[in-house]
There are 2 protein chains.
Amino acid sequence: MLTLEQVAALAGVSRSTVSRVVNGDPRVSDAARERVEQVIREHHYVPNALARGLASRRTRIIGLLVARSVGVVLTDPFFADVIQGAVSVGNDAGYSVTILMETGDSADIADRIYQRFIRSRHVDGVVIVSSAVEEPILDRLIEDQFPFVLIGRHPNKVVDFVDVDNRAAARDGVAHLLEHGYRRIGIINGPPDLIVAVDRYTGYERALQEAGYRPDPSLSVNSDFTRSGGYRAMTQMLAENANPPDAMFVTGDVMALGVLQALHDQGIRVPEDIAVMGFDGLEETLVSTPVLSTIHQPIREIGATSVGTLIELLEHPDRSPIERYLPHYVQKRRSCGCGMSVVTGSASLPGEHGRS
Amino acid sequence: MLTLEQVAALAGVSRSTVSRVVNGDPRVSDAARERVEQVIREHHYVPNALARGLASRRTRIIGLLVARSVGVVLTDPFFADVIQGAVSVGNDAGYSVTILMETGDSADIADRIYQRFIRSRHVDGVVIVSSAVEEPILDRLIEDQFPFVLIGRHPNKVVDFVDVDNRAAARDGVAHLLEHGYRRIGIINGPPDLIVAVDRYTGYERALQEAGYRPDPSLSVNSDFTRSGGYRAMTQMLAENANPPDAMFVTGDVMALGVLQALHDQGIRVPEDIAVMGFDGLEETLVSTPVLSTIHQPIREIGATSVGTLIELLEHPDRSPIERYLPHYVQKRRSCGCGMSVVTGSASLPGEHGRS
DNA sequence: TTGTAGGCGTTATCAA
DNA sequence: TTGATAACGCCTACAA
C-alpha cells in the first residue's frame, strides 16, 4: 500500500505537490501534475482516509441517525427512500453517507452511537430522522456544537431542519375527507412523543374545527407506523366503538395498508363503508386494494435536501439555521371515495405489480 | 474537544498512561488509573477515532457490501435480517458495522466503493453479500490481501465463506414436492449469474433426476428476487405454456409472494391447482394466503456468523480459509399441499398481523 | 509553481 | 509501573 510520500519519490516531486494533485489544487505545473498522475495510476494509489481526516479535521462522511431498531429502519420504505435521496446527494458532493446502527434498546442506542461515531469524530455531521420532542441527543449535539440537520421541525429549538408542513398537510387531507361528506372521521397516528405525530394530529383537529366539528377521542388511536400496528389499531377501534367512523385518517401509508387489510378482514368495504386517507405517498399504495388516497410528501427530496443542508452547514459553519419546508399534496384516489383511479400530477407508475 | 494529551496534563500523568487506561492495559497503578478515569468522566473525553486508526492501523469498522442498488437492499427483508445479525455480532465484539452504499449503475458501484472505503482503509474488512460468479472485486481484494468474507460459497476460489448448502436445500424442497405427487414442477429462480441461483437450480435438477424426471426448460424462468419480478415471471410462464405446471419451486420468498399474488389474480388455487414452495423462511410468509411452504435458512445467523468469521480473520490474519455451512430445513405448510398450517420446529409467530 | 516543516491525536517501542 | 519519543499518512501555512 503506497503512501503519498512514496508517490512523491517516484514522481520526483515533494509531498506537497502530490497532495495538491490529489486534492485538485490548480497551483501545479502541467508537467508535474502529469508525472504524479502517472504514478498514481500505475500504482493504484489511493490516499489513506484516516490520515487525511486527521490532518484536515474532516472525514467527508455524513451519518444518518435513526433512533429506532435496525430492523424497523431497514424494512420501512419511508426510510429506504430517505436514505436513497441522502446517499445520492452526498455522493455527488464527495461525501459518503453511512447509516449509524447499533443494537440494544433504543435509549441505549442513541447513547452508544453518540460515543462511537460522533464524539469520536468518525462523521463530520449527522442527519437525524424522526426525532421525538424529548431527544436528549439534540442537547448534546448543540452543546458540542456538532453539525446536524433534523428531518422534521423541532417545536422549541432553533435548528436546521427539512420538513413538510405536517399540520397543513394533515389539515388538507382531512378537509378533503370532509368535502366528501364524511363526518365521523377517526385518526390512527404514530407514537405520541414524535413531533410529526403531534403535528399531524393538530392538522386533523384543525380541519374538523374549521368545519364546525370536534374530534371524538374514541376515534383517536396512537400506533407505531408499522403495518401490523395499523392493523391492530383499526381492529381495536372497531371492536371498541359501537358507533364506527365513516372515514379514517391514517398518518402513515404503511399503517394505512394494515388498516385496509383489517377492514377487508372485517368485511368492511372501502370506501363505501369507511373511507381511508393515508400519509406519505409511497409507491406501494398504488397497488393496494383499493388504491389508497394519501397525502404525498417528497420523501427522497427530504433525504436529499437534508444532506444538502448539512453540507452547506459543514462548509459555512456559522451561517444561521435554515428551515426548509417541502411541498405536499393530496393524492385523490379510490380509498377516499374519489371515483378516479388515476393520480393527478407527478406520481408515475413504474413496472410495479403484484402487490396486494 | 479534549485530547489525550490534555487529559494527561489534567491527571498529572503522561500520554502513555492515559492511552493505557483507555485501552484497558493492566500495566497501570490503581492510583493513576483512578485519576485518569476521573478526568475522563468529568470532561467526557472520547478518543479520536481517526488518530487512533492511523496509529494502530485499524478502524474497528466492518463494511457490508451488497453489489446492488441501495433501494433494493434496504427494502428486502432478507438483507434486513442479514444486517441485523451482522450488526449485533459486530457490536458485541467492539466493531461498528456500516453498509457500504453508493449510487450509480451497479458496475460502477463496486468500483467506487472499492476506492472510497477499501483502498482508503476506511474499513478493516468487508462482508460481501450475494456475489456473482464473476465478481471483479474479489480478485482485487485477494490481490490487495484485504480481509473479506463471502456470504455464499464461491465455486472456484478458496475463500472464507458462510452459506447454507443451497444445492441440498433446493433438492430437499423439490423432493418434498415430488412426495406430494407433483410431476410438472417449474422453477422461478434469481439472476443466472448469481452463484446461489446456479446452486439452487442444480438442486432442483438433481431432485427431479433422482425421481426419474428431467427438467422442462419451458418451466424454468430467471427473475430478480423481487416481488414484482416473481409476479411477472409467473404470469409469463402461464401465458406461454399450454401445459401448465402443477407445482412451482420459487427460489426466494419475496418472489414467491409475488407468485402467489399472480396465481390468485389468474384465479388459480394454491395448492389445489398449483403448489408453491419458496426459499428463505422469511417471517412474512407466515401471513401469506395460503401460508407459504418454504425452505428455511437461518438468515440472521448467516449475517452474524459472517461477521464473526471476519473478525477471526482480522485477529488471526494468516489462518487458512474457513468454510461454514449453516443448516436449512423444509417448512411444510399449506402452499405445498400439506394439510397443517402450523410450523414444525423453530419458527415462532410473533405478534405479526395484517400482512396480505 | 514548488518545497519545507510542523502538526493532527493516537499507538507502540524503548528505556528508565 | 511510567514516560520519552518515534511513527502513522496526510494537510497546510509559509517560505523560496
Side-chain angles (χ1 to χ4, degrees), chain A residues 1-37 39-40 43-61 94 115-124 315, chain B residues 1-37 39-40 43-61 94 115-124 315:
Chain A
M1 196 96 315
L2 230 50
T3 71
L4 184 149
E5 176 123 32
Q6 301 175 43
V7 172
L10 287 167
V13 297
S14 73
R15 294 184 304 189
S16 330
T17 302
V18 178
S19 175
R20 288 190 191 101
V21 171
V22 167
N23 294 294
D25 190 315
R27 303 173 304 175
V28 183
S29 68
D30 289 351
R33 179 182 305 281
E34 196 128 328
R35 283 211 307 288
V36 172
E37 282 176 343
V39 174
I40 289 179
H43 297 75
H44 302 300
Y45 167 73
V46 178
N48 179 306
L50 271 55
R52 224 177 186 178
L54 183 57
S56 65
R57 313 171 130 288
R58 42 189 269 162
T59 62
R60 298 194 77 86
I61 297 181
Q115 297 290 323
R116 198 193 284 263
F117 296 100
I118 296 179
R119 297 232 26 159
S120 73
R121 298 282 152 185
H122 235 115
V123 296
D124 288 344
E315 293 176 356
Chain B
M1 196 98 311
L2 228 49
T3 71
L4 185 151
E5 175 124 35
Q6 301 174 39
V7 172
L10 287 166
V13 296
S14 73
R15 293 186 303 194
S16 321
T17 301
V18 178
S19 176
R20 290 192 188 97
V21 171
V22 167
N23 293 293
D25 189 317
R27 304 174 303 176
V28 183
S29 68
D30 289 350
R33 180 183 306 283
E34 196 129 327
R35 282 212 307 288
V36 171
E37 282 176 342
V39 173
I40 289 179
H43 297 74
H44 302 300
Y45 166 74
V46 178
N48 179 306
L50 271 55
R52 225 177 183 180
L54 183 58
S56 67
R57 313 173 128 290
R58 43 190 269 163
T59 61
R60 299 194 76 87
I61 297 181
Q115 298 289 324
R116 198 194 284 264
F117 296 100
I118 296 178
R119 297 235 25 159
S120 72
R121 299 281 152 183
H122 233 116
V123 296
D124 288 345
E315 294 177 354

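Given the structure is predicted, the values throughout are model-derived calculations rather than measurements.
- A/R121 is listed as a side-chain neighbour of B/M1, based on a closest heavy-atom distance under 4.5 Å.
- For A/Q6 and D/dG9, the CD to C1' distance is 10 Å, given to the nearest whole Å.
- Comparing atom distances between the B/S19 side chain and each of C/dG9, C/dT11, D/dA13 picks out C/dT11 as nearest.
- As rounded to whole Å, 20 Å separates atom P of C/dC8 from atom NE2 of A/H122.
- Ranking C/dT10, D/dG3, D/dA13 by closeness to the B/R15 side chain, first place goes to C/dT10.
- The distance between atom CG of A/N23 and atom P of D/dC11, rounded to the nearest whole Å, is 5 Å.
- Heavy atoms from other residues, nucleotides or ligands lying under 6.0 Å from CD of A/E34 number 12 at most.
- Straight-line distance from the CZ atom of A/R27 to the P atom of D/dA16: 16 Å, rounded to whole Å.
- When side chains are defined from C-beta on, B/I118 does not count as touching A/V46, because their heavy atoms never get closer than 4.5 Å.
- Distances shown here put a side-chain N or O of B/Y45 below 4.0 Å from the OP1 or OP2 atom of C/dT10.
- When the nucleotides D/dT5, D/dC11, C/dT4 are ranked by their closest atom to the side chain of A/S56, D/dC11 comes out on top.
- Between B/R58 and C/dT11 there is no side-chain N or O to OP1 or OP2 distance below 4.0 Å.
- Side chains of A/R57 and B/N48: a donor-acceptor N/O pair is absent below 3.5 angstrom, by distance only.
- Rotation axes derived from the C1' atoms of the five outermost pairs at either end of the helix from C/dT1-D/dA16 to C/dA16-D/dT1 lie 30° apart, to the nearest 10°.
- Put simply, the side chain of A/T17 reaches to within 4.5 Å of the side chain of A/S14, judged on heavy atoms.
- Between B/R119 and A/H44, the shortest heavy-atom distance links the atoms NH2-O, 3.0 Å.
- Looking at the side chain of A/V13, the nearest of the listed nucleotides D/dC8, D/dT2, C/dG3 is C/dG3.
- Rounded to a whole Å, the CZ atom of B/R52 is 5 Å from the P atom of C/dT11.
- In this structure, B/R35 has no salt bridge (Lys or Arg N to Asp or Glu O under 4.0 Å) partners at least two apart in sequence or on a different chain.
- When each of B/V28 and B/L54 is assigned the nucleotide of DNA chain D with its nearest heavy atom, B/V28 is the one assigned upstream, toward the 5' end.
- As judged by a 4.0 angstrom heavy-atom cut-off over every strand, B/S29 is placed among residues touching the sugar-phosphate backbone only.
- In this structure, the nucleotide among C/dT4, D/dA4, C/dC8 sitting nearest to the side chain of A/A55 is C/dC8.
- Dashed line: the shortest gap from a side-chain N or O of B/R57 to OP1 or OP2 of C/dA12 is not under 4.0 Å.
- Among the nucleotides C/dC8, C/dA5, C/dT2, the one closest to the side chain of A/A32 is C/dT2.
- OP1 or OP2 of C/dG3 sits under 4.0 Å from a side-chain N or O of A/S14.
- Using a 4.5 Å heavy-atom cutoff, the side chains of A/V21 and A/E37 are in contact.
- Residue A/T17 has its side chain nearest to C/dG3 when only D/dG9, C/dG3, D/dT2 are considered.
- Atom-to-atom, CG of B/L4 to P of C/dG9 comes out at 11 Å; the value is rounded to the nearest Å.
- Computed from coordinates, the A/R20 CZ to C/dT2 P distance equals 8 Å when rounded to whole Å.
- Both B/P26 and B/A51 lie near DNA chain D, and the one whose nearest nucleotide falls closer to the 5' end is B/P26.
- The separation between B/D124 atom CG and D/dC8 atom C1' is 15 Å, rounded to whole Å.
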